[in-house]
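Written out below as structure tokens is the structure these notes cover.
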There are 2 protein chains.
Amino acid sequence: MTVTSADVARHAGVSRSTVSQILNGHGHRFPASTRDRVQAAASELGYQPSAAGRALVRGASDIVVALIPDMTVGPTLQEFLNGLTDDLARHGLTLLLRLASASPESTERMITGLRPAAVMSMLPVSPRLRECIEGLGVRLVEPGRPGDRDVNVEIGYAQALHLIERGYRRVAYACLRDKRQDIFAGQREQGVARACERHGLPRPEVVRLALCVDEAIAQLRALETGTAVACYNDDVAAALLGGCRELDLRVPRDIALAGTADTPIARLSVPAITTFGYALGPAVSEASREIIDALSGDGHLPAFPPGFEIRLVQGGTT
Amino acid sequence: MTVTSADVARHAGVSRSTVSQILNGHGHRFPASTRDRVQAAASELGYQPSAAGRALVRGASDIVVALIPDMTVGPTLQEFLNGLTDDLARHGLTLLLRLASASPESTERMITGLRPAAVMSMLPVSPRLRECIEGLGVRLVEPGRPGDRDVNVEIGYAQALHLIERGYRRVAYACLRDKRQDIFAGQREQGVARACERHGLPRPEVVRLALCVDEAIAQLRALETGTAVACYNDDVAAALLGGCRELDLRVPRDIALAGTADTPIARLSVPAITTFGYALGPAVSEASREIIDALSGDGHLPAFPPGFEIRLVQGGTT
DNA sequence: CGCCTTCGGTGACGCGTGTCAACCTGTACT
DNA sequence: AGTACAGGTTGACACGCGTCACCGAAGGCG
């Protein structure tokens with residue numbers, strides 16, 4: 001049923017350890033003829049090494065676990081993960097996903113039991129989990145350290161910059177009231193604030209709301225006419241847009257809105273919401289390279305790579 | 001660094017095999033005193049069995065792989081996966097996720113190498129992957145067989161039924177032109193058609209569009225006034241709603257719209273879109289029970305469980 | 001010839017676990 | 001006393017793999 005390295009060895013007429021060495025990068029010790037025989041036998045039999053056997057003898061598995069934040073996994077993130085999966089697969093690594101919102105104990109048990117080659121988190125991990133991971137000697141790939149580019153800061157900055165360039169002098173920042181859903185809000189707000197500061201504008205007012213039109217109305221009442229709002233995401237922008245309609249506020253003249261994430265809701269609103277999409281495409285190769293480097297050399301802990309592109313999708317709300 | 005069963009054995013003053021037996025459900029052979037000593041030693045040392053060692057000797061790992069369809073993973077699915085994760089963890093199983101859109105070869109390699117206890121797919125798997133999985137003797141949990149409840153058929157049915165009850169006599173079904181994004185369309189359309197048939201209405205017209213307002217306008221021009229449209233999801237409904245606005249069609253008088261999935265876009269539209277949410281909550285325990293049953297007994301291949309709740313969220317579009 | 005080196009290849013070990021036949025020690029029964 | 005039996009415990013094995021010391025043969029050199 002299962003093809004083991006012993007089967008390959010028999011089929012190639014060599015010993016199992018020869019097979020193991022050739023298939024693990026030590027082939028240079030053997031003449032080409034032997035190498036070819038073994039390779040041929042392996043592919044003919046469809047040999048696939050047992051992850052368990054490998055992991056047992058090497059002390060760590062070939063699995064890389066990605067901790068997925070508690071947020072909507074849309075096309076952007078999906079494409080990133082897809083690319084990363086294939087990239088790592090090319091290096092013999094297996095990417096598997098885990099929701100970060102699963103119970104901490106079960107995640108901890110999973111890590112200690114599985115001994116992944118690396119754990120990649122898209123958000124800073126809890127101190128306890130970090131301790132668990134590092135105590136086990138498992139590599140941890142985390143979001144960039146201070147000083148690195150931060151995609152969320154830059155998105156906030158791009159939003160605010162765009163609004164300022166369009167001539168708005170009053171900039172506000174709108175995010176979700178429920179902070180659990182709002183995992184990037186801090187960084188984005190920081191980006192908005194930084195852009196305002198650099199252009200001599202006062203610190204942006206921060207508006208918090210839940211995702212419904214009624215709350216949007218309440219918040220809009222408190223805003224001065226002429227304010228441009230950088231929104232945490234397109235949903236927030238849509239809520240405010242709906243509120244503007246109910247209040248008969250003209251968009252973008254009375255209130256301007258900039259969203260984030262380039263989701264369908266932005267395109268489908270009337271008017272379409274000006275939004276900032278980002279592609280993590282460039283990050284794929286960087287991320288896999290960082291992981292692979294960290295696993296081969298005993299280098300420092302790599303940071304979640306800063307490769308990304310932000311692009312403006314101009315709509316009618318700014 | 002790592003605590004092994006040998007450490008536990010030493011600490012408890014028994015042999016390693018005693019530890020193994022007690023920790024694997026064969027404790028009834030031992031007196032309570034021994035059991036307690038071993039349990040105490042295990043928890044005191046924080047013993048966590050090596051997944052690799054287990055997998056090696058048992059021929060299959062404790063990992064359950066869930067194949068995630070190529071779609072947005074929103075709160076509904078996330079909650080389901082979270083619950084399943086914890087539920088399975090309680091039975092010693094580890095749920096890990098994998099994007100179904102990753103390259104087939106890498107997924108195949110992952111399965112053969114990892115030998116998961118089970119693979120759960122939310123969509124029918126490709127014949128080739130099925131062959132790979134079943135050839136390995138790995139359990140496959142798939143969407144329900146014909147005859148089972150199908151959440152997507154029922155959603156379509158509920159949409160159409162609602163529209164019919166509201167008095168509409170012309171029912172259409174709108175879905176995405178790009179079929180790759182439209183993985184459930186067939187079933188939902190089937191549900192809509194069934195409801196129409198049962199109520200003596202003609203077979204529903206099917207409208208295909210890409211997610212933009214322009215396409216919606218084009219499709220709306222071809223629809224008769226007074227048509228009620230069951231939409232594949234809230235995005236489609238939003239696009240049509242935007243189109244109606246541009247064409248000055250009154251909603252719901254000229255065109256009625258029913259969405260699906262209960263996403264923010266439905267709540268945030270003006271008027272709010274009538275939509276059908278579904279909760280997979282009840283499916284969690286069913287799913288884990290099915291998986292566990294299938295793994296303990298050598299029963300038949302279980303089907304993806306039909307436990308779910310559909311609820312109407314009344315908006316202003318019907 | 002005797003010694004050393006290189007090439008090609010192998011046997012044996014250990015990773016951590018679950019299982020199971022076998023063993024030991026009482027105790028009950030014949 | 002001898003036998004049967006049950007309860008409690010253990011040693012040994014196998015799972016599939018990577019590694020590494022080691023070995024035989026061939027060749028070079030003094």
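Chain letters run A, B, ... following the sequence lines, proteins first, then strands; residues in each count from 1.
For the pair A/Arg10 CZ and D/dG16 C1', the interatomic distance rounds to 13 Å; values are reported in whole Å. When the P atom of D/dG16 is taken as reference, atom CZ of B/Arg54 falls 18 Å away, rounded to whole Å. For the pair A/Arg115 CZ and C/dG16 P, the interatomic distance rounds to 9 Å; values are reported in whole Å. Across the protein-nucleic acid pair, B/Leu56 atom CG and D/dC17 atom C1' stand 8 Å apart, rounded to whole Å.
Using a 4.0 Å heavy-atom cutoff across all strands shown, B/Ser50 reaches sugar-phosphate atoms only and no base atom. As judged by a 4.0 angstrom heavy-atom cut-off over every strand, A/Ser20 is placed among the base-contacting residues.
The distance from atom CG of B/Leu96 to atom CG of B/Leu81, rounded to the nearest 0.5 Å, is 11.5 Å. Put simply, CG on B/Leu77 and CE on B/Met122 are 5.0 Å apart, with the number rounded to the nearest 0.5 Å.
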For residues 63-71 of chain B, which side-chain N or O atoms pair as donor and acceptor with protein atoms under 3.5 Å away, sequence neighbours left out?
none

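For B/Gln21 and D/dT10, a side-chain-to-base donor-acceptor distance below 3.5 Å is present, hydrogens and geometry of angles not being considered. With hydrogens and angles ignored, a donor-acceptor pair closer than 3.5 Å exists between the side chain of A/Arg16 and the base of D/dG18.
Distances shorter than 4.0 Å separate some side-chain N or O of A/Thr18 from OP1 or OP2 on C/dT10.
Here B/Arg54 pairs with B/Asn24, B/Pro49, B/Arg58, B/Asp62 under the side chain to side chain contact (heavy atoms under 4.5 Å, CB included) rule; sequence neighbours left out. Evaluation of the side chain to side chain contact (heavy atoms under 4.5 Å, CB included) rule for A/Arg90 yields A/Asp86, A/Asp87 as partners, not counting sequence neighbours. With sequence neighbours excluded, the residues satisfying side chain to side chain donor-acceptor pair (under 3.5 Å) with B/Asn152 are B/Arg188.
The terminal axes of the helix from C/dC1-D/dG30 to C/dT30-D/dA1, fitted over 5 pairs per end, subtend an angle of 70° to the nearest 10°.
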Q | Pair A/Ser103-A/Arg109, side-chain hydrogen bond (donor to acceptor under 3.5 Å, both in side chains): steps then yes or no | A | CA-CA 10 Å; A/Ser103 87; A/Arg109 279 215 304 275; over 6 Å; no
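Residues A/Glu108 and A/Arg128 meet the side-chain proximity criterion, which asks for heavy atoms closer than 4.5 Å. At least one side-chain heavy atom of A/Thr112 sits under 4.5 Å from a side-chain heavy atom of A/Cys132.
Listed nucleotides: C/dC15, C/dT17, C/dT10. Nearest to the side chain of A/Val57: C/dC15.
Non-hydrogen atoms lying under 4.0 Å from DNA chain C are contributed by A/Arg29, A/Phe30, A/Pro31, A/Thr34, all within residues 22-38 of chain A.
When the nearest nucleotides of DNA chain D are assigned to B/Gly53 and B/Ser17 by heavy-atom distance, the more 5′-ward of the two goes with B/Ser17.
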